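Below is one structure; the comments refer to it alone.
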Amino acid sequence: MRLLVLGRSGQVARELARVADDGHEIRLVGRDEADLSQPEAAAEVVRGLLREFPAQAIINAAAWTAVDAAEAQEAEALAVNGTSPALLARIAADAGLPFVHISTDYVFDGAGETPFSPDAPTAPLGAYGRTKREGEIGVAQAANPAGWAVLRTSWVFSAHGANFVKTMLRLGAERDTLRVVADQIGGPTPADAIARACVRIAETLAAEPAMGGIHHFSGAPDASWADFAREIMARAGLPCRIEDIPSADYPTPAPRPLNSRLDCRSTEEAFRLARPDWRDGLDRVLTNLGARV
Ligand code: NDP
């Protein structure tokens, strides 16, 4: 499939670049080409690119992901996460192309202990979640007859960029003990699995546009950050002890949802995409980084 992908150096974007190995033709669009903080200008660039590159679907893997910085820069984050995705979704609809957009567990307030279903009420706790929710609404409102999907995921990790796995490997090599939050529960999700899911969804929408809508995709089993950290240390052979702490002991500018569990059944039913086991993804990442024992 010929795929136009917004994002180039991000975790998911880099993994999307690698699906070219599976016979797909991928055109990645970085911030230097289309800056989503300037929605109208970026939209013009994307319209031009579609004239050169006859894409069969558009995947938006670009986002303002600096969760805490968004608290002080919500307008800028909104341009990237809200206004631009709405415009991109409209471009895809006008061009008759399926549109796949990635969103987040942070659209929920994290109350309770049961997994959130795709149609559960949203109530973001912070600016990042609010801007991502605006993006979801914009994508849905474009009502793309060629098909649209919002794939909410959580706790993304990969061998690239800044993420929890890489932070734990660095700190675990320096310290004997680390205090890690144990009362936030969610599904760590390997970026390579998200990339493959986006492609599968684009292919499915191209054949059956009505399969779209909002869907969830996160790694299994659900775990706490502390559980995740322990698994990282064990698989990397680092003798660092993980001490459980409550979120209250690790204050951040943007509050985090305590319950990030996502009910992913609709994704499995619509797209035959089962929740990926994050421990397998962790092994792949550690092997890539030369850190697996
Ligand atoms: P990264 O932070 O690794 O990458 C962000 C990407 O967005 C980069 O490719 C970057 O572009 C691009 N980008 C940022 N600002 C702009 C801008 N102004 N104009 C154009 N492009 C921009 O993100 P992830 O790969 O981790 O996230 C992918 C998706 O998953 C996002 O939608 C995110 O909201 C969502 N998500 C992420 C989670 C996480 O834990 N990271 C959790 C849940 C959902 P460039 O390549 O040019 O630098």
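Owing to the predicted nature of the structure, the values given are computational and were not obtained by experimental measurement. First listed ligand is number 1; within each ligand, the first listed atom is number 1.
Distance check, rounded to the nearest 0.5 Å: CG of Leu36 to CH2 of Trp64 gives 12.0 Å.
Taking the six-membered ring where tryptophan is involved, the planes of Phe108 and His216 are perpendicular, since the angle between them exceeds 60° and thus also 30°.
Applying the 6.0 Å contact sphere to CG of Asp22 captures more than 12 heavy atoms from other residues, nucleotides or ligands. In this structure, Arg170 places its CZ atom where more than 12 heavy-atom neighbours from other residues, nucleotides or ligands lie under 6.0 Å away.
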Atom pairs and distances, ligand 1 N/O vs protein N/O under 3.5 Å:
residue, atom, partner, partner atom, Å
ligand 1, 2 (O), Thr65, OG1, 2.6
ligand 1, 3 (O), Gln11, N, 2.9
ligand 1, 7 (O), Ala63, N, 3.0
ligand 1, 7 (O), Ala63, O, 3.3
ligand 1, 9 (O), Arg8, N, 3.3
ligand 1, 9 (O), Gly10, N, 3.0
ligand 1, 18 (N), Asp35, OD1, 2.9
ligand 1, 19 (N), Leu36, N, 2.8
ligand 1, 25 (O), Gln11, N, 3.1
ligand 1, 25 (O), Val12, N, 2.9
ligand 1, 26 (O), Gln11, NE2, 3.1
ligand 1, 32 (O), Ile102, O, 3.2
ligand 1, 32 (O), Lys132, NZ, 2.7
ligand 1, 34 (O), Tyr128, OH, 2.7
ligand 1, 34 (O), Lys132, NZ, 2.9
ligand 1, 40 (O), Val156, N, 3.0
ligand 1, 46 (O), Arg8, N, 3.0
ligand 1, 46 (O), Ser9, N, 2.5
ligand 1, 46 (O), Ser9, OG, 2.8
ligand 1, 47 (O), Arg31, N, 2.7
ligand 1, 48 (O), Ser9, OG, 2.9
ligand 1, 48 (O), Arg31, NH2, 3.4

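Contact check on Arg152 versus Glu136 returns a salt bridge, with a Lys/Arg side-chain nitrogen under 4.0 Å from an Asp/Glu carboxylate oxygen.
In this structure, Arg2 and Phe53 have side chains that are in contact, with non-hydrogen atoms separated by less than 4.5 Å.
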